[in-house]
Amino acid sequence: MAVLAGRLARRWCFGLLRSPTQVPALGLHAGSPTMGTSQKDFNDAVSQVKLLNEDPGNEVKLELYALYKQATEGPCNVPKPGMLDFINKTKWDAWNALGSLSKEAARQKYVDLVSSLSTSSESPSPEAPAADRKPPEGNSLVVTSEDGITTIRLNRPTKKNALTTQMYHDIVAALQAASKDESTITVLTGSGDYYCSGNDLTNFTHLSAGGPEEMARSGEVLLRDFVDCLIDFPKPLVAVVNGPAVGISVTILGLFDVVYATDRATFHTPFSHLGQSPEGCSSYTFPKIMGSSKAAEMLLFGKKLTAQEACARGLVTEVFPDGTFQKEVWARLKAYSKLPPNAMRISKQIIRNQEKEKLHAVNAEESSILRERWLSDECMNAIASFLSRKAKL
Ligand SMILES: CCCCCCCCCC/C=C\CC(=O)SCCNC(=O)CCNC(=O)[C@H](O)C(C)(C)COP(=O)(O)OP(=O)(O)OC[C@H]1O[C@@H](n2cnc3c(N)ncnc32)[C@H](O)[C@@H]1OP(=O)(O)O
């Protein structure tokens, strides 16, 4: 039981805002009276936090962090971290927002907040049976080949299949292998309830020695190579959109040959909200597919489309009821995979060759503009906001 509680506490502490309540010893005498709440109550609450059964989410963790700092050190008295130090800046903002709240009031609020959370080191919830457990996050990409179809499956369901930098590299490698293997059709799909929530926003927190400029430069190269690989992919490429799709997972759909979607899917490109700009050649493919004003509604204003709307606009080939989606789509793909592979390959080549150069030029330009966007205040503020859990799409 203690082991399980420890494991849960550890998982909780290694979240996005790392150990917001992992703080130095209090240095106060347990039991000394304070206004309304005793120091012992406060110390007990600090201990209880580590035994929470469920992750209370980053917003609550941030609040706990800020109250703890206020209760033990008083009003925020340290310099504001730099704009790119997302996590520390977010924590600083939360502490600073408490203004001149007294230490006693902060202790009381901390104790109240902890007691409102479900705390139980005594009765941890039992482990889910094997069949109900979430798949491990280790294998973020699963590639299989069967019945003439190579399937590249995004496999980070607990993160809504957000794309880490490693996954971009792995998808490129998988596509390169698929272009040479025996299969006739290649499919991209997702595990769990989402197709993909787009670029993993924590990619922006992995600063290298070269600082933000270097990070943006390597991001530009990664993005350009990833999209180039889709432009050049020689076989029929099909997206099996098993749930909502966000950001880059939507924009690249214009480079797929066929897009099948469940009626549960939505298509969202919130670039302006994120201080970013379109990629995946969507600044070219979307106006071509749906007309310039419908494309602008998506790419400038971030209008989220239902699967039916995306189909009406030509971004999606066909929509299926969620209940029969997998069965119907895979049956159809299996039948298509038996068509003569060379004929399909040559037909794709003729279609793609009409505009291959243009697509590569668009990709280079979009990637270069994004590199500048990533260094803008608008983009950094949006990412900091997501990381602090204040903003959701
Ligand atoms: C400079 C280096 C860059 C290197 C990369 C180069 C190439 C990139 C080029 C492309 C650039 C941008 C294009 C885009 O894709 S922009 C779109 C980015 N995506 C988002 O903004 C989506 C953010 N997520 C959300 O708004 C919501 O999570 C959701 C998708 C609407 C789902 O909401 P929900 O309530 O159903 O689930 P939620 O609890 O929020 O999510 C579960 C856990 O998953 C985590 N998560 C989801 N999406 C992302 C993401 N995109 N990045 C990181 N993490 C994500 C979420 O934080 C939850 O985690 P936890 O349980 O709290 O730990």
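Numbering of ligands and ligand atoms starts at 1, following listing order. Predicted model only: the values in this text are computed from it and were never measured. All values below come from the heavy atoms of this structure, side chains included, with hydrogens, waters and symmetry mates left out.
Below 3.5 Å of separation, one finds no N or O of Glu279 facing any N or O of ligand 1. For a threshold of 3.5 Å applied to N or O pairs, the pair formed by Leu370 and ligand 1 contains no separation below that value. In terms of polar-atom proximity, Tyr168 is not counted as a contact of ligand 1, lacking any N or O under 3.5 Å from an N or O of the ligand. The N/O atoms of Ala162, backbone and side chain alike, include none that comes under 3.5 Å of an N/O atom in ligand 1. By the 3.5 Å distance cut-off applied to N or O atoms, Thr165 is not counted among the residues near ligand 1.
Residue Gln276 has at least one heavy-atom neighbour below 4.0 Å for each of these atoms of ligand 1: 11 (C), 12 (C). With ligand atoms numbered from 1 in the order given, ligand 1 contributes 6 (C) to contacts under 4.0 Å with heavy atoms of Gly219. Here is the list of ligand 1 atoms found below 4.0 Å of a heavy atom in Gly247: 14 (C), 15 (O), 17 (C). For ligand 1 and Ser197, the ligand atoms under 4.0 Å from any heavy atom of the residue are 18 (C), 19 (N), 20 (C), 22 (C), 30 (C), 47 (C), 48 (N), 49 (C), 50 (C), 51 (N). In summary, the atoms of ligand 1 found under 4.0 Å from a heavy atom of Tyr194, numbered by their order in the structure, are 29 (C), 30 (C), 31 (C), 32 (C). The Gly198 neighbourhood of ligand 1 comprises atoms 15 (O), with distances under 4.0 Å to a heavy atom of that residue.
There is a side-chain donor-acceptor pair under 3.5 Å between Thr150 and Ser183. A side-chain donor from one of Tyr168 and Asn199 sits under 3.5 Å from a side-chain acceptor of the other. A donor-acceptor contact closer than 3.5 angstrom links the side chains of Tyr284 and Glu355.
The residue from Thr189, Asp170, Leu188, Val142 that alone fulfils the side-chain contact (heavy atoms from CB on, under 4.5 Å) condition with Leu154 is Leu188. Exactly one residue among Glu220, Glu366, Glu365 makes a salt bridge (Lys or Arg N to Asp or Glu O under 4.0 Å) with Arg371. That residue is Glu220.
Neither the backbone nor the side chain of Phe226 comes within contact range of ligand 1; no heavy atom lies under 4.0 Å. If you look at Leu163 next to ligand 1, there are no close heavy atoms at all, none under 4.0 Å.
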Test side-chain hydrogen bond (donor to acceptor under 3.5 Å, both in side chains) applied to Thr262 and Asn242, step by step: CA-CA 6 Å; Thr262 160; Asn242 56 296; over 6 Å; no

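Ionic pairing of Asp232 and Lys356 is present here: one or more N-O contacts between side-chain nitrogen and carboxylate oxygen are shorter than 4.0 angstrom. In summary, Glu309 and Lys304 do not engage in a salt bridge, as defined by a charged side-chain N under 4.0 Å from a carboxylate O.
Of the listed residues (Met215, His273, Lys304), the one carrying the non-hydrogen atom nearest atom 1 (C) of ligand 1 is Met215.
To the nearest 0.5 Å, atom CG of residue Leu333 and atom NZ of residue Lys338 are 10.5 Å apart.
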